[in-house]
Amino acid sequence: DLFNYLFDARIVTLYHQNPYFFKALDYPLDPWINFMRWTHRTYPYGPVWLSLTVPFSFLGMGFFLPTLFLFKSLMVAAYLGTIYFMGKITEKLNPERKLLTMALFAFNPLILIESLVSAHNDIVMICLAVMSFYFLLEKKYLPALIFFLLSIGIKFATIFLLPVFILEFLRHSELGSESVLIRMLKLIQHDVIVTASTFLMAIAVILASFRLEFQPWYLLWVLPFVFLSGKKWLIVLSVIVSLGVMLQYLPFLYSGNWNPPIPQIKIWIIFLSVIVGSLFALAV
């Protein structure tokens, strides 16, 4: 996907065309196509991602390696930003768990591989969502809204957090403060809000998996909220599943293709990871 990000921005900076209407195959003589796999699709992401990547493409001046490292630097910044704001959120909710929460995210192999090595833009999307969540807890609604909209404008998945943002706004709002509903909402603790965010993003992962197929980097959408929740059973389940699903790359590395029976093997790996994770979670 990283090579697609590079070429999508290149369509703008080199060919001065709109990647929503033009694809890599429209430029068959471009040598960058040699690095790509998905040359047949037009731009599938939100306009915010294009706005973020086009300046890096300009700075790369048409050279592949500088542009590659510039794009990777964006992913590194998002990875570090996510860790930082997860620490700030935990500092507010449960200071004793701050370092543990940050470490669970920072050193998870799936997160390291999918956000820094494979460099999926999901890490930028979720970084902006976590930043928005932090400002929401701080009752700074304007920056919270801005970062939330920016997150949605990258890959759309974080739109599933909208109910949480509405709920959190109502809890702190003076609008209708005399109503029974608002008084009940104010009794909800922050840890409930974080747990709700976890399950909402889990729903997003499930729906995305049914629409196409499950990909390991989809777990980037939910893992930050899992670790912020502090719930041991949920953390154990998620860590084991995240480690297990990384194994689905092994059949491809062994065979060099995704042909049958590898898709079936992938499904079994995911299924077994969930079963094993659930058993360990029940034992906690």
> Do the rings of Trp49 and Tyr5 sit parallel, tilted or perpendicular, given the 30° and 60° boundaries?
Replying inline: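 Ring orientation of Trp49 relative to Tyr5: perpendicular.
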
> Is the Phe252 ring parallel, tilted or perpendicular to the Trp258 ring (thresholds 30°, 60°)?
Replying inline: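 Ring orientation of Phe252 relative to Trp258: parallel.
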
>> Taking the basic N atoms (NZ, or NE/NH1/NH2) and the acidic carboxylate oxygens, is any pair closer than 4.0 Å for Arg41 and Asp8?
In response: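 Yes, this pair counts.
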
>> I'd like to know if Glu213 and Lys266 make a salt bridge, using a cut-off of under 4.0 Å between side-chain N and carboxylate O.
In response: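 Salt bridge: yes.
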
> Could you go step by step and tell me if Phe105 and Thr101 meet the side chain to side chain contact (heavy atoms under 4.5 Å, CB included) rule?
Replying inline: CA-CA 7 Å; Phe105 183 86; Thr101 299; over 6 Å; no

Side chain to side chain, [X] and [Y], heavy atoms closer than 4.5 Å:
X	Y	answer
Leu128	Met131	yes
Trp217	Asp1	yes
Val12	Pro19	yes

> Would Arg10 and Asp30 count as a salt bridge (charged side-chain N to carboxylate O under 4.0 Å, His left out) if you check the C-alpha gap in whole Å, the side-chain angles of each, and the deciding distance to 0.1 Å?
Replying inline: CA-CA 10 Å; Arg10 184 175 173 86; Asp30 193 303; 2.8 Å; yes

What about [X] and [Y], same hydrophobic cluster or not, with Ile/Leu/Val/Met/Phe/Trp/Tyr joined at side-chain heavy-atom distances under 4.5 Å?
X	Y	value
Phe199	Ile193	yes
Phe107	Phe225	no
Leu272	Leu110	no

Just by distance, do the side chain of [X] and the backbone of [Y] share a donor-acceptor pair under 3.5 Å?
X	Y	result
Ser132	Ala144	yes
Ser238	Ile235	no
Tyr218	Ala202	no

> Can you tell me if CD on Gln264 sees more than 12 non-hydrogen neighbours from other groups inside 6.0 Å?
Replying inline: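 It does: Gln264 CD has more than 12 such atoms within range.
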
> Just wondering, are more than 12 heavy atoms of other shown residues or ligands nearer than 6.0 Å to OH in Tyr84?
Replying inline: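 Not more than 12 within 6.0 Å, no.
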
> Which value, rounded to the nearest 0.5 Å, describes the distance between Met201 atom CE and Leu220 atom CG?
Replying inline: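 Going from the CE atom of Met201 to the CG atom of Leu220 covers 10.5 Å.
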
> Do Asn121 and Tyr45 have side-chain atoms, one donor and one acceptor, less than 3.5 Å apart?
Replying inline: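 Side chains of Asn121 and Tyr45: no pair found under 3.5 Å.
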
>> Centroid separation under 6.0 Å, is that true for the rings of Phe133 and Phe148?
In response: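 Phe148 vs Phe133: aromatic centres not under 6.0 Å.
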
> Can the ring centroids of Tyr15 and Phe22 be said to lie less than 6.0 angstrom from one another?
Replying inline: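 No, the ring of Tyr15 stays outside the 6.0 Å limit from the ring of Phe22, centre to centre.
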
